[in-house]
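Beneath this line is the structure, given in structure tokens, with notes to follow.
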Amino acid sequence: MKTLPKTTLLLARSTIAVTLALQALASQAQQAPTDAKDSKEKLDRIVVTGSNIKRTDAETSQPLLTISRDEIKSSGALTVGDILGNLTDNDGRAISDLSGANSWASGASGVSLRNLGTGGTLTLLNGRRLTSYGFADGLQLNFSNIDAIPANLIERVEVLKDGASAIYGSDAIGGVINIITTKDFRGVGMAVSAQQSLRHSFLAKDKSGSVTVGHGSLDDDGYNVYGHLEMYQRGSYKDSDVRPLLPAWYVEQNPARLQLSSGSFPGNYSGRYPANYKDPALAGKSFTTPAPGCAPEKLVGGVCMYDYWKDSDARPATDRLTGMLGGRYKLSNELTAFTELQFADIKAKYYTNVPRSQAAGTVSTWYDSLKGELQSFSHPALPVGHPQNPYDFPVTLAYRYVDDPEMFKNVGASFDHRLVMGVEGTLAGWDIDTAIGDMGSRATQRQHLYLDRYGYADAVTSGAYKFGQVNSADVLNKMFPEMGSTGHYRQQFADFKGSREIYQLPAGPLMMAVGAELRHEQFFHRSTDNILQARIVGFSGVNIDGSRNTAAVFTEFAAPITKELEATLALRGDKVLNGFGAVTPKLQLAYRPVKTVLLRGTLTQGFRAPSLPETGNGGASWFNNSINDPKRCDTARALRDALKTGNAADQIEANLAFNSGCSVSFPSAVTPNPDLKPERSNNASIGLVVQALDNLSVSIDYYNIKRRDEIGTPDITQILQNEDNNPGLVPRDAVSVQDGLWSARAKELTGQTIAFQTGAVRTMRLQYRNLYRTQVSGFDVDLRSRWALGDWGKLDLNLEANVQSKLLYWDTDAQAWRVNRIGYNGVPRERAVLKANWSRGDWKLGSRVNYSSSTKLAWDEWDDSYYQSQGCADRGEPESNCRVSSWTSTDMWLQYSGLKGWTLSANLFNAFNEQPAVFRRPAGLPNLNGRVLKLSAEVKF
């Protein structure tokens with residue numbers, strides 16, 4: 001028999017200990033005078049997400065987590081992303097608008113449960129799908145932008161920690177998140193919130209505000225209408241602003257954070273004197289000379305330097321306007337008509353480094369998606385006779401184009417809408433819910449950062465661009481034209497479902513649900529014409545267009561086999577008209593041997609339909625960044641170490657040489673595949689729920705998910721690792737002129753011959769295929785309790801924990817599972833949140849303790865051996881240097897509602913000022929916020 005992990009046993013023992021302690025506390029509390037309501041208070045019972053049958057028993061055969069409005073307030077969450085970020089099952093690896101500057105879907109955020117990605121997690125709003133974002137995640141996956149949902153209107157969030165494709169269809173593999181908003185509002189309500197770091201006021205500086213207006217009572221007036229408008233603004237700051245705050249370990253691993261650039265204003269002349277130069281003392285020698293006009297304070301070691309970190313965002317700004325309009329009207333005592341209009345207008349701004357010139361002769365390559373061929377551009381030199389060239393041979397001017405830094409920002413914008421109209425209630429003995437709707441998202445991304453191959457070369461060589469001066473917008477627009485892409489997702493749907501009792505069994509009623517859906521989807525994503533015409537240097541294009549019609553029918557039965565045992569069976573069939581289909585079954589069992597104990601289990605299948613980008617027309621190409629090239633990395637490290645012994649310019653070239661082998665970029669192209677099959681999964685879960693007391697419930701659930709036929713392209717890292725076994729998959733350029741310059745300079749400095757034996761990767765051309773598999777398993781622990789303490793008020797104690805035991809990825813070359821990723825970088829074995837909230841009268845006080853366990857420093861078994869445990873041993877460093885330590889933080893919360901109509905609250909995040917875990921490898925910025933204070937006020941009248 002397989003033994004449980006040690007951490008799981010400890011967690012189980014801790015849960016039992018807490019249960020016993022709470023029983024003792026309850027016994028003491030019951031001796032104090034309490035009202036009858038408090039002494040009998042139990043956990044809330046709710047209508048369950050994950051079933052089409054109307055029911056009110058919260059303790060079903062599926063693990064369901066409900067986050068109430070009070071819990072959301074106590075957490076201090078400003079956005080839906082904050083709410084879902086607190087889930088222990090959220091792996092935090094989904095797309096985020098914080099990294100939108102380097103994303104194909106800038107300005108949006110998704111959610112991923114159980115390490116299965118945005119394509120394995122379904123997000124619902126009031127029980128129905130959200131629109132997909134106007135751009136696809138990674139140019140591949142359609143996903144819902146959770147930033148488009150107004151957070152202050154949320155009544156509760158239900159998280160189904162189980163597969164539910166038999167209920168909802170595609171994507172519901174790892175779990176379902178159902179965001180439920182207020183549906184009946186009267187009066188006027190307003191709320192404002194603001195937060196900032198107590199370490200420095202510019203850190204974590206966010207604010208939000210909302211107003212809600214409603215009129216009518218569904219019970220008294222037969223109708224209710226409401227409107228809600230919400231604004232959120234995230235403050236930004238530059239990389240240079242946080243430079244003084246960087247910890248020493250981070251600077252050691254990321255020395256470029258303190259470095260300046262020789263690509264400056266007014267620049268530096270650089271190159272090599274010709275081998276037959278008239279002055280033999282200079283012939284063949286390299287040189288770096290500052291251009292006239294460089295400010296004295298910018299001269300470092302005889303080189304004119306520029307602080308490029310002052311231009312780029314460490315934290316980008318965003319402005320979001322979200323809202324909902326809704327109405328409900330009683331058609332009769334049994335039927336109610338409803339409508340919802342949800343919308344969002346979002347704009348995110350990403351300031352990046354102001355562009356600089358490249359060394360003359362440096363070649364940039366990219367893929368022309370229209371012609372289906374590689375393009376290249378050789379960066380120009382200042383020719384002889386150029387007004388800014390003081391030499392009698394062509395020369396590089398390492399220059400920074402600082403004319404208008406505002407021009408070079410990247411703007412990601414979107415407008416989402418979702419209109420639903422329907423009827424719900426009782427008709428002819430059926431509980432029905434039917435609706436029609438239209439939803440869509442239009443997204444744009446625009447910037448001026450990249451070169452026009454013709455306009456740039458002409459302006460540099462002709463003298464139209466005046467180096468060292470401020471040039472006109474007309475000249476700059478010809479050199480750096482506006483470019484980007486536009487995307488649009490649109491869906492129309494109609495659905496119906498109904499449930500009723502169809503037969504009386506000896507143990508109770510047999511319930512049945514039936515339903516059907518029709519959906520029409522359209523998606524396109526197209527780059528601007530100058531990209532598709534291969535005019536933009538180094539930037540590959542996207543041209544995706546697709547549509548489809550989908551029909552689905554489903555049924556569900558809930559059958560009490562005995563008084564103690566209930567079975568639920570569901571079956572759903574989805575069919576793309578003239579395309580693929582999927583039939584998905586589900587079996588749930590709930591066994592209650594005694595009133596206080598529930599055993600539950602689920603066997604189900606799940607699926608993800610191939611997305612429109614994966615199956616439509618066109619294709620995409622992109623750049624892979626920060627890739628380790630096994631054929632060049634060792635040489636690149638040696639060159640870096642040699643160049644570091646030189647002057648200030650050599651120090652900069654050292655990092656560039658290192659990146660040329662150990663952090664490389666190259667284009668890939670991928671084409672859709674109309675013959676793709678749906679991804680499929682087999683899900684199993686088994687759990688135990690114990691209601692130890694009327695007000696205490698403890699559950700432990702085990703889950704195991706095996707997903708197959710995953711759609712993707714061959715893993716680039718794996719291709720490079722096995723390059724010699726796959727000839728032709730990795731076309732390479734010849735060793736470049738720049739490679740030779742680094743080698744020559746390294747020999748001047750050290751006398752050693754250090755040279756690349758192979759050139760850089762040119763490109764990879766790929767197609768989507770059903771290639772991969774993933775297997776995940778683990779345990780969820782959920783403890784929920786509410787204690788009546790008499791005159792001392794009430795106390796809620798909750799524990800949520802996720803213990804991961806398995807994360808396996810399939811090796812397509814070896815046709816075997818790779819090593820278990822649990823415990824590697826980014827995949828902690830345990831995540832837990834302990835919550836305590838106390839209330840008495842007008843006061844509420846609470847705390848949250850957040851925990852994440854230690855991981856290895858390496859991302860996986862294929863990661864650079866330098867970051868593996870053996871790498872530390874080889875360098876004589878302690879093994880702890882190749883690990884990321886565990887992290888614990890404590891948040892606190894205080895609320896006062898003693899003023900008529902007002903609620904005032906304060907949150908203190910990271911109350912004990914826990915410092916970020918040491919991360920000994922190059923990476924993005926750690927969390928530098930320290931303590932963060934949030935103040936909120938709400939009023940209703």
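Bear in mind that the values here come from a model prediction, so they are computed numbers and not experimental data. Along the sequence shown, residues are numbered consecutively beginning with 1.
Taking the six-membered ring for Trp and thresholds of 30 and 60 degrees, F539 and Y450 have ring planes more than 60 degrees apart, a perpendicular arrangement.
Side-chain polar atoms of R320 and S414 form no donor-acceptor pair below 3.5 angstrom. Side chain to side chain, E482 and Q447 fail the donor-acceptor criterion of an N or O pair below 3.5 Å. Side-chain N/O atoms of D137 and T118 include a donor and acceptor closer than 3.5 Å. Judged purely by distance below 3.5 Å, without hydrogens or angles, the side chains of W742 and E653 pair a donor atom with an acceptor atom. With no hydrogens or angles considered, no side-chain donor-acceptor pair links D313 and S236 at under 3.5 Å. For the 3.5 Å distance criterion, the side chains of D416 and S441 qualify, holding a donor opposite an acceptor. When only modelled atom types and interatomic distance are considered, T713 and Q767 share no side-chain donor-acceptor pair under 3.5 Å. Under the 3.5 Å distance criterion, with hydrogens and angles disregarded, no donor-acceptor pair is assigned to the side chains of D474 and S472. Side-chain contact of Y399 with Y306: a donor-acceptor pair under 3.5 Å is absent, judged by distance alone.
Among V664, N628, V761, the one residue that satisfies the side-chain contact (heavy atoms from CB on, under 4.5 Å) test with L720 is V761. The ring pair (Phe, Tyr, Trp, His ring centres under 6.0 Å) test with Y133 is passed by exactly one of F143, Y489, W104: F143.
Using a cut-off of 4.0 Å between Lys/Arg side-chain N and Asp/Glu carboxylate O, D813 and R818 are scored as not salt-bridged. A salt bridge links R129 with D171; the closest basic N to acidic carboxylate O contact falls under 4.0 Å. The pair K409-D311 does not meet the salt-bridge criterion, since no charged nitrogen lies less than 4.0 angstrom from a carboxylate oxygen.
The main-chain N or O of S96 is found under 3.5 Å from a side-chain atom of S99 such that the two form a donor-acceptor pair. In this structure a side-chain-to-backbone donor-acceptor pair under 3.5 Å is missing from Q375 to I536. Between the side chain of N770 and the backbone N or O of D709 there is at least one donor-acceptor pair closer than 3.5 Å. Between the side chain of S112 and the backbone N or O of D91, no donor-acceptor pair lies under 3.5 Å.
Between R548 and L612 the shortest side-chain heavy-atom distance falls below 4.5 Å. Considering only heavy atoms from C-beta on, F607 comes within 4.5 Å of S170 through its side chain. Within the 4.5 Å cutoff, the side chain of D239 has heavy atoms near those of the R257 side chain. Between L449 and N410, every side-chain heavy-atom pair lies at or beyond the 4.5 Å cut-off. Put simply, the side chain of T365 does not reach to within 4.5 Å of the side chain of F377, judged on heavy atoms. When side chains are defined from C-beta on, L130 counts as touching R418, because their heavy atoms get closer than 4.5 Å. Using a 4.5 Å cut-off on side-chain heavy atoms (C-beta onward), F524 and N543 make no contact. Using a 4.5 Å heavy-atom cutoff, the side chains of F493 and M439 are in contact.
For D403, there are no salt bridge (charged side-chain N to carboxylate O under 4.0 Å, His left out) partners at least two apart in sequence or on another chain. Applying the side-chain contact (heavy atoms from CB on, under 4.5 Å) test to Q259 and every residue at least two apart in sequence or in another chain returns A256, N655. In this structure, T123 has no side-chain hydrogen bond (donor to acceptor under 3.5 Å, both in side chains) partners at least two apart in sequence or on a different chain. With sequence neighbours excluded, no residue forms a side-chain hydrogen bond (donor to acceptor under 3.5 Å, both in side chains) with N659. For D345, there are no side-chain hydrogen bond (donor to acceptor under 3.5 Å, both in side chains) partners at least two apart in sequence or on another chain. Annotation: side-chain contact (heavy atoms from CB on, under 4.5 Å) contacts of N578 (sequence neighbours excluded): none. In this structure S109 satisfies the side-chain hydrogen bond (donor to acceptor under 3.5 Å, both in side chains) test together with D97, D147, sequence neighbours excluded. Evaluation of the salt bridge (charged side-chain N to carboxylate O under 4.0 Å, His left out) rule for D368 yields no partner, not counting sequence neighbours. Scanning for side-chain contact (heavy atoms from CB on, under 4.5 Å) contacts around H417 gives F415, D438, R490, with sequence neighbours left out.
Atom NZ of K347 has 12 or fewer heavy atoms from other residues, nucleotides or ligands within 6.0 Å. Sparse packing is recorded around NZ of K478, with 12 or fewer heavy atoms of other residues, nucleotides or ligands lying under 6.0 Å away.
A cation-pi arrangement is not found for R707 relative to W810, the charged atom failing to lie both closer than 6.0 Å to the ring centre and inside a 45° cone about the ring normal. Cation-pi geometry between R632 and F756 is met: the NZ or CZ atom falls under 6.0 Å from the ring centre, inside 45° of the normal.
When ring centroids are compared, H525 and F135 come within the 6.0 Å threshold. In this structure, Y401 has its ring center at least 6.0 angstrom away from the ring center of F408.
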Q: Dump the intermediate steps for side chain to side chain contact (heavy atoms under 4.5 Å, CB included) on E710 and L771, then the final yes or no.
A: CA-CA 6 Å; E710 291 180 14; L771 284 174; over 6 Å; no

Q.
Run V111 and N90 through side chain to side chain contact (heavy atoms under 4.5 Å, CB included) and show every step you take.
A. CA-CA 7 Å; V111 61; N90 184 348; 3.8 Å; yes

Q. Please walk me through it: do Q491 and H520 pass side chain to side chain contact (heavy atoms under 4.5 Å, CB included)?
A. CA-CA 5 Å; Q491 181 185 141; H520 173 70; over 6 Å; no

Q: Please test D724 against K631 for side chain to side chain contact (heavy atoms under 4.5 Å, CB included), starting from the C-alpha separation and ending with a verdict.
A: CA-CA 10 Å; D724 291 339; K631 286 187 175 293; 3.0 Å; yes

What donor-acceptor contacts under 3.5 angstrom involve side-chain atoms of residues 728-737, with partners at least two apart or in another chain?
from	atom 1	to	atom 2	distance (Å)
R732	NE	E723	OE2	2.9
R732	NH1	D629	OD2	2.8
R732	NH1	G759	O	2.8
R732	NH2	D629	OD1	2.9
R732	NH2	D629	OD2	3.4
R732	NH2	E723	OE1	2.8
D733	OD1	R762	NE	2.9
S736	OG	Q738	N	3.4
S736	OG	D739	N	3.0
S736	OG	D739	OD1	3.3
S736	OG	D739	OD2	3.3

For residues 672-680, tabulate all N or O donor-acceptor pairs below 3.5 Å that involve a side-chain atom, not counting sequence neighbours.
from	atom 1	to	atom 2	distance (Å)
N673	OD1	D675	N	3.0
N673	ND2	Y768	O	3.0
E679	OE1	R608	NE	3.1
E679	OE2	R608	NH2	3.0
E679	OE2	I711	N	2.7
R680	NH2	V583	O	3.0
R680	NH2	Q605	OE1	3.3

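Applying the salt bridge (Lys or Arg N to Asp or Glu O under 4.0 Å) test to every pair with at least one member in residues 453-467, sequence neighbours left out, gives no pairs at all.
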